[in-house]
Amino acid sequence: MPELPEVETVRRGLSDLLEGKKVMSVKSDWHKSFPNDQRLVDNYLIGSKITEVKRRAKVIIINLDSDYCLMIHLKMTGQLVYVGDQRFGAGHPNDSLIAKLPDKSTRVVLTFKDKSSLYFNDQRKFGWMKLLHKSRLNDEPFMKSVGPELIDPDITNTIFVQRLQKRPGSNIKAVLLDQSVIAGVGNIYADESLWAAKIHPTTLVKDLNDTELATLREELINVLKLSIEKGGSTDKNYVDAEGNKGSYLEFAKVFRREGKPCYRCGSVIVKSKVAARGTHTCNVCQIKKKA
DNA sequence: CACTTGACCTGTCCGC
DNA sequence: TGCGGACAGGTCAAGT
């Protein structure tokens, strides 16, 4: 999906657009995208007002003024796009996307009292929107296992290193992608931060010293913060709450740059498979290390 | 237990 | 133009 910067960008947009909106109706024609009991939907979603839009790792949480909330995971291709009266305005930059909604990727539509709507689009149907009692949120499997986020200032380098070193025999990229170790990093920002830290993705955690891990942490934080500033990365599907694409990939150093020269040394960026994911590296700058 | 692979889906692109 | 296969930003369950 969208990784932490994309989800945070969506959250910020929705927070401005949705707070105070009263839900009037919900429509979904793909059960796995909206796996909720109709009675609960009728009693605790319809007629409720949105009070707050939060994020934890790559999950969005929309709090309602009932005791319930919506927990949303966008997975690979999910979008949450709000359409208000700009659909009818002239010259809006996103007219083309917004005017077409709902489209064939639309899985759930929430309509509000003021006639505006929130579209949950998800081409690949991996994502979901669950209505949960607020007190049960932390019983969800994802919430139970999810680790801390590096953009949280309380997560010191010591904590970061301790968490990674619980997986000494795994390659560093697989560990960065494991949400129970560190939350929010996905394929793009794993590749970007490893390039910046000059670490090859197949290097085993136990073969990295404290200096290298400290550098990796710094670079992860830099990459995540820069991407949030740029509104995230749009590779194919990702858009924010108003249908805008993110611009981070214009600044990417390796991701999707296979065949192009490394910005540091000029060698050709190559694509391989690590941890079952497409992986971009400069194999001159990023040497696989063995202790 | 630690770690890796397949499954969940649709759409697109590439080679034959 | 069609068809098969690989691949796509994520996470689980099931395998070794």
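The chains referred to below are lettered A, B, ... by the order of the sequence lines, with proteins before strands, and numbering in each begins at 1.
Residue-level contact check: A:K236 touches the bases, meaning some heavy atom is under 4.0 Å from a base atom. Within the 4.0 angstrom heavy-atom criterion, base atoms lie near A:S233. Counting any heavy atom pair closer than 4.0 Å across all strands shown, A:D235 reaches a base atom. A:D122 comes within 4.0 angstrom of nothing in the nucleic acid, heavy atoms only.
No more than 12 heavy atoms of other residues, nucleotides or ligands lie within 6.0 Å of NZ in A:K198, so this atom counts as exposed by the packing criterion.
Between the P atoms of B:dG6 and C:dG5, the separation comes to 16 Å (whole Å). With C1' as the reference atom, C:dG2 and B:dC9 are 23 Å apart, rounded to whole Å. Taking the P atom of each, C:dG9 and B:dA2 are spaced 28 Å apart, rounded to whole Å.
In this structure, CG of A:L177 is placed 19 Å from P of B:dA2, rounded to the nearest angstrom.
Under the salt bridge (charged side-chain N to carboxylate O under 4.0 Å, His left out) criterion, A:R56 pairs with A:E149, sequence neighbours left out.
The side chain of A:A174 lies closest to B:dT4 when the candidates are C:dA8, C:dC12, B:dT4.
For C:dT11, the base is not stacked against the aromatic ring of A:F126, per a cut-off of 5.5 Å between centres and 30° between planes.
A 3.5 Å limit on both hydrogen-bonding distances identifies C:dG5 as the Watson-Crick or G-U partner of B:dC13.
A:I199 and A:I287 are not part of a single hydrophobic cluster, where members link through side-chain heavy atoms under 4.5 Å apart.
Between A:R124 and B:dG11, a side-chain N or O to OP1/OP2 separation shorter than 4.0 Å is absent.
Salt-bridge check for A:R136 with A:E140: failed, with every basic side-chain N at 4.0 Å or more from each acidic carboxylate O.
When the nearest nucleotides of DNA chain C are assigned to A:P141 and A:K271 by heavy-atom distance, the more 5′-ward of the two goes with A:K271.
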